[in-house]
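What follows is a single structure, written as structure tokens, with notes after it.
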Amino acid sequence: MQNNLRVVTLDGPAGVGKTTLAKRVAQELSIAYLDTGAMFRIFGWKFGEAAPTMSEQELEAHIAQYAFSLSGIGFKSVLSVNGTPVGDEIRTEEVAALASSVAKLPVVRDALKRVQREISTQTSLVAEGRDMGSVVFPTARYKFFLDATAEERGSRRFNQLQEMGKPADLDLIITQIKERDMQDRTRSIAPLIAAKDANIIDTTELDIEGVFTAIMDFFE
Ligand code: DC
């Protein structure tokens with residue numbers, strides 16, 4: 001394996017298994033894992049519901065108060081904000097909704113794009129998100145776009161919730177996934193779309209092991 005700095009991009013819709021795969025691929029390649037969704041979640045959480053009504057200057061002033069850094073490799077990768085590791089406080093439905101609303105703001109996307117690129121000049125990484133291969137790292141050598149039907153992603157989520165003993169309604173979950181897909185794929189700025197040169201992997205019929213093998217086959 002070459003030791004020069006490089007970027008592997010891993011994009012796809014919600015619930016397709018990106019996080020599990022991205023961490024595993026990073027571990028296998030001994031490089032860092034960057035969760036870019038966490039960056040949008042941090043801004044959603046910190047800026048709150050008022051973000052979409054803020055002027056560009058206000059947003060820029062808020063953004064300037066946060067410095068991201070990435071350390072460690074694979075499963076042990078740690079994303080920090082102002083020196084503090086990002087924790088589970090951003091893993092709530094409420095923060096997901098706030099993240100989705102700041103993710104539509106060009107000022108926020110531009111700022112995070114700069115930060116993500118800057119991080120990639122310091123370490124090799126697997127960048128997980130929605131627009132890694134298409135917008136942020138267009139020249140990355142290895143690009144993957146994972147996909148699966150909404151029904152399959154819904155049933156995976158349903159099973160996860162059942163395993164955790166949480167109440168779940170399969171039809172409702174699938175409807176919500178379809179709504180989120182529509183929003184992500186049709187938004188005017190950085191819509192969810194596979195880069196032209198991305199390797200598209202349909203995971204509908206594959207388990208995690210199968211997808212992992214399919215991805216690793218691309219690396220010599
Ligand atoms: O993957 P996630 O659920 O943590 O992402 C949180 C939100 O951020 C979600 O609405 C999608 C958005 N996002 C984005 O627009 N671009 C990225 N590169 C990563 C996430």
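For reference, positions follow the sequence shown, starting with 1. No hydrogens, no waters, no symmetry mates; every other heavy atom, side chains included, goes into these values. Whatever order the structure lists ligands and atoms in, that order sets their numbers, starting from 1.
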Per-atom contacts, ligand 1 versus Arg180 - under 4.0 Å to a heavy atom: 3 (O)
Any donor-acceptor N/O pair, Asn199 side chain to Phe144 backbone, under 3.5 Å: no
Donor-acceptor pair between Thr19 and Glu128 side chains, under 3.5 angstrom: yes
For Gly129, the ligand 1 atoms whose distance to one of its heavy atoms is below 4.0 Å: 18 (N), 19 (C)
Salt bridge (Lys or Arg N to Asp or Glu O under 4.0 Å), paired with Arg130, selected from Asp184, Asp181, Asp35, Asp11: Asp184
Proximity flag Glu128 to ligand 1, non-hydrogen atoms under 4.0 Å: no
Given Arg157, Gln162, Glu163, the one that forms side-chain hydrogen bond (donor to acceptor under 3.5 Å, both in side chains) with Gln160: Arg157
Ser100 neighbourhood, listing ligand 1 atoms whose heavy-atom distance to it stays under 4.0 Å: 10 (O)
Shortest reach to atom 14 (C) of ligand 1 by a heavy atom, considering only Lys18, Met132, Arg109, Arg91: Arg109
Side-chain donor-acceptor contact under 3.5 Å, Arg41 with Ser100: no
Proximity winner for atom 9 (C) of ligand 1, if only heavy atoms of Met39, Arg130, Arg41 are counted: Arg130
For ligand 1, the portion of Ala103 having any non-hydrogen atom under 4.0 Å away: side chain
Whether Ser134 side chain and Ala195 backbone form a donor-acceptor pair below 3.5 Å: no
Per atom 19 (C) of ligand 1, closest listed option by heavy atom (Thr36, Leu34, Asp35): Thr36
Nearest neighbour in protein (non-hydrogen) for atom 5 (O) of ligand 1: Gly37 CA, 3.6 Å
Whether Gln116 lies under 4.0 Å from ligand 1, heavy atom: no
Plane angle bin for Phe47 and His62 - parallel if under 30°, tilted between 30 and 60°, otherwise perpendicular: tilted
Presence of salt bridge, Lys18 and Asp147, under 4.0 angstrom: no
Location of contacts on Lys104 toward ligand 1, heavy atoms closer than 4.0 Å: neither
Nearest neighbour in protein (non-hydrogen) for atom 7 (C) of ligand 1: Ala99 CB, 3.8 Å
Shortest protein contact, atom 8 (O) of ligand 1 (heavy atom only): Phe40 CB, 3.6 Å
Thr204 and Asp202 side chains, donor-acceptor separation under 3.5 Å: yes
